[in-house]
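In what follows, a single structure is set out as structure tokens and then discussed.
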Amino acid sequence: MGVDIKELVEPVAREVELNLLTGKAVAIDAYNSLYQFLATIRQKDGTPLMDAQGNITSHLNGLFYRTINYVENGIRPVYVFDGKPPEVKLRELERRQQVKAEAEKRYLEALERGDLEEARIYAQQTSRLTSSMVEDAKKLLTYMGIPFVQAPSEGEAQAAFMTRRGDVWASGSQDYDSLLFGSVRLVRNLAITGKRKLPRKEVYVEVKPEVVELEELLSFHGITREQLVVIGILVGTDYNPGGVKGYGVKKALKLVKELGDPVKVFKAIPWEFETPPDVIMQLFLEPEVTENYSLQWREPDKEKVIKFLVDEHQFSINRVENALERLEKAYKTFFKQASLESWFGF
DNA sequence: CGCGGGAA
DNA sequence: TTCCCGCGG
């Protein structure tokens, strides 16, 4: 779910045009993307897209076409996959499983009643990303020539680390967690077709990519990154869901600015979580990450993509070939730079 | 969500 | 050319 510091971020969030991102590498939160595809790419009654064997393919559909759109806009995507969650998060993950089980019941009930709109809403909430779906996504990326990084733990932490090393320009996610992990820059709403339907409403709004600079966020509020993490913990993170009773963004910011030192803040408030606050602080300030990755955007292997999507998962050959044509063209335009090595024949 | 065919 | 909307797997 992520930390809800929208109010804090909004004043420094800049709407940008997509072409601002041309030539930039972005570390995209793979789980965040795949979940969104899984939740939204569905039929009227909420059934996801599936191949002939009944395997879900909604995530592949979204990943394939959106990634091509990135490349066509000169964006260099690198997908970052979550690894093993910190133990502190296990309770929250368990809670989410329960919410999904509940949604599953309501989904079936709505179907029974023939209420397709309700059914779809609950179906979306049942979305589960299985390991085979993740493997499929990685396969597809490999065939497309798009790099991915397997994070040892939190993907958002890994993406943040990559921005700090300067390997990517920004992290890309709908959640704000990467800012707590120290991401230099966050891009939200990184979709190409800008119209999005508001939940439960027949209203569509234009959504443009939104860039948040960590330094700007901190200086705007006159706080340090440590203090931002404290605010996050007060309002609630995946490591202390719900946050501290009575604290929203405004009250948390006020307290943090009054007391300054995180230790003083945590002494001043009631702490009802099992995990001590300093342990959670450390998870954000010194998360487990890896330097063991290399970012290379390669020419797409069209044959393998077609074999995978069309032969194995029953995608339409026409659509896939069309999209691959676009991908190859974009690859040549933006990524196939005449490097010194190639000039000298290395 | 994003594609693409048909309407305008 | 742009917009809309039904379908994709």
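Proteins come first, then strands; the chains are lettered A, B, ... in the order of their sequence lines, and each starts at number 1. All heavy atoms count here, side chains included; hydrogens, waters and symmetry mates do not.
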Okay, side chain of [X], backbone of [Y]: is any donor-acceptor separation there less than 3.5 Å?
{"X": "A/Thr237", "Y": "A/Ile233", "value": "no"}
{"X": "A/Asn73", "Y": "A/Ile75", "value": "no"}
{"X": "A/Arg120", "Y": "A/Arg42", "value": "yes"}

Worksheet item: Which ones in residues 127-141 of chain A lie close to DNA chain C, meaning a heavy atom under 4.0 Å from one of its atoms?
Response: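 Result for residues 127-141 of chain A: none.
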Worksheet entry | Members of residues 18-30 of chain A that approach DNA chain C, where some heavy atom sits under 4.0 Å away |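 Within this stretch, nothing sits under 4.0 Å of the strand.
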Among [options], the nucleotide that comes nearest once only the side chain of [X] is considered:
{"X": "A/Gln314", "options": "B/dC1, C/dG9, B/dG4", "answer": "C/dG9"}
{"X": "A/Arg66", "options": "B/dG2, B/dG4, C/dG9", "answer": "B/dG2"}
{"X": "A/Leu49", "options": "C/dG9, C/dC7, B/dC1", "answer": "C/dG9"}
{"X": "A/Asn69", "options": "B/dG4, B/dG2, C/dG9", "answer": "B/dG2"}
{"X": "A/Thr57", "options": "C/dC7, C/dG9, C/dG8", "answer": "C/dG9"}

What is the distance, rounded to the nearest whole Å, between atom [atom1] of [X] and atom [atom2] of [N]?
{"X": "A/Leu190", "N": "B/dG2", "atom1": "CG", "atom2": "C1'", "result": "14 Å"}
{"X": "A/Asn322", "N": "C/dC7", "atom1": "CG", "atom2": "P", "result": "20 Å"}
{"X": "A/Lys44", "N": "C/dC7", "atom1": "NZ", "atom2": "P", "result": "5 Å"}
{"X": "A/Ile317", "N": "C/dG8", "atom1": "CD1", "atom2": "C1'", "result": "15 Å"}
{"X": "A/Phe315", "N": "B/dG2", "atom1": "CZ", "atom2": "P", "result": "14 Å"}
{"X": "A/Gln43", "N": "C/dC7", "atom1": "CD", "atom2": "P", "result": "10 Å"}
{"X": "A/Leu309", "N": "B/dG2", "atom1": "CG", "atom2": "C1'", "result": "14 Å"}
{"X": "A/Arg42", "N": "C/dC5", "atom1": "CZ", "atom2": "P", "result": "23 Å"}

Discussion item. With side-chain contact (heavy atoms from CB on, under 4.5 Å) as the criterion, how do A/Lys304 and A/Met144 come out once you've worked through the C-alpha distance, each side chain's angles and the decisive distance to 0.1 Å?
Written reply: CA-CA 9 Å; A/Lys304 281 190 177 155; A/Met144 291 174 77; over 6 Å; no
Practice prompt. With A/Arg76 as the cation and A/Tyr70 as the aromatic partner, state whether NZ or CZ is under 6.0 Å from the six-membered ring centre and within 45° of the axis.
Written response: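 No, A/Arg76 and A/Tyr70 do not form such a contact.
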Practice prompt. Please state whether the phosphate of B/dC3, meaning OP1 or OP2, lies under 4.0 angstrom from any side-chain nitrogen or oxygen of A/Asn318.
Written response: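 No, because none of the side-chain N or O atoms of A/Asn318 sits under 4.0 Å from OP1 or OP2 of B/dC3.
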Worksheet item: Does A/Arg326 place a side-chain N or O at less than 4.0 Å from the phosphate oxygens OP1/OP2 of B/dC3?
Response: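 For B/dC3, OP1 or OP2 has a side-chain N or O of A/Arg326 closer than 4.0 Å.
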Worksheet item: Hey, would you say the A/Phe161 and A/Phe181 ring centroids sit under 6.0 Å apart?
Response: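 Not close enough - the centres of the two rings lie 6.0 Å or further apart.
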Worksheet item: Using 4.0 Å as the upper bound for N to carboxylate O, is an ion pair formed by A/Glu109 and A/Lys105?
Response: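 Between A/Glu109 and A/Lys105 there is no salt bridge, as every charged N stays at least 4.0 Å from the carboxylate O atoms.
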Item to complete: Show your reasoning for whether side-chain contact (heavy atoms from CB on, under 4.5 Å) applies to A/Leu21 and A/Trp169.
Response: CA-CA 9 Å; A/Leu21 302 172; A/Trp169 180 75; 3.2 Å; yes
Item to complete: On the 0 to 90° scale, with breaks at 30° and 60°, tag the A/Phe315-A/Phe64 ring pair as parallel, tilted or perpendicular.
Response: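 Taking A/Phe64 first and then A/Phe315, their aromatic rings stand perpendicular (interplane angle over 60°).
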Worksheet item: Without hydrogens or angle criteria, can the side chains of A/Arg188 and A/Tyr176 be said to hold a donor-acceptor pair below 3.5 Å?
Response: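 Yes, a side-chain donor-acceptor pair sits under 3.5 Å.
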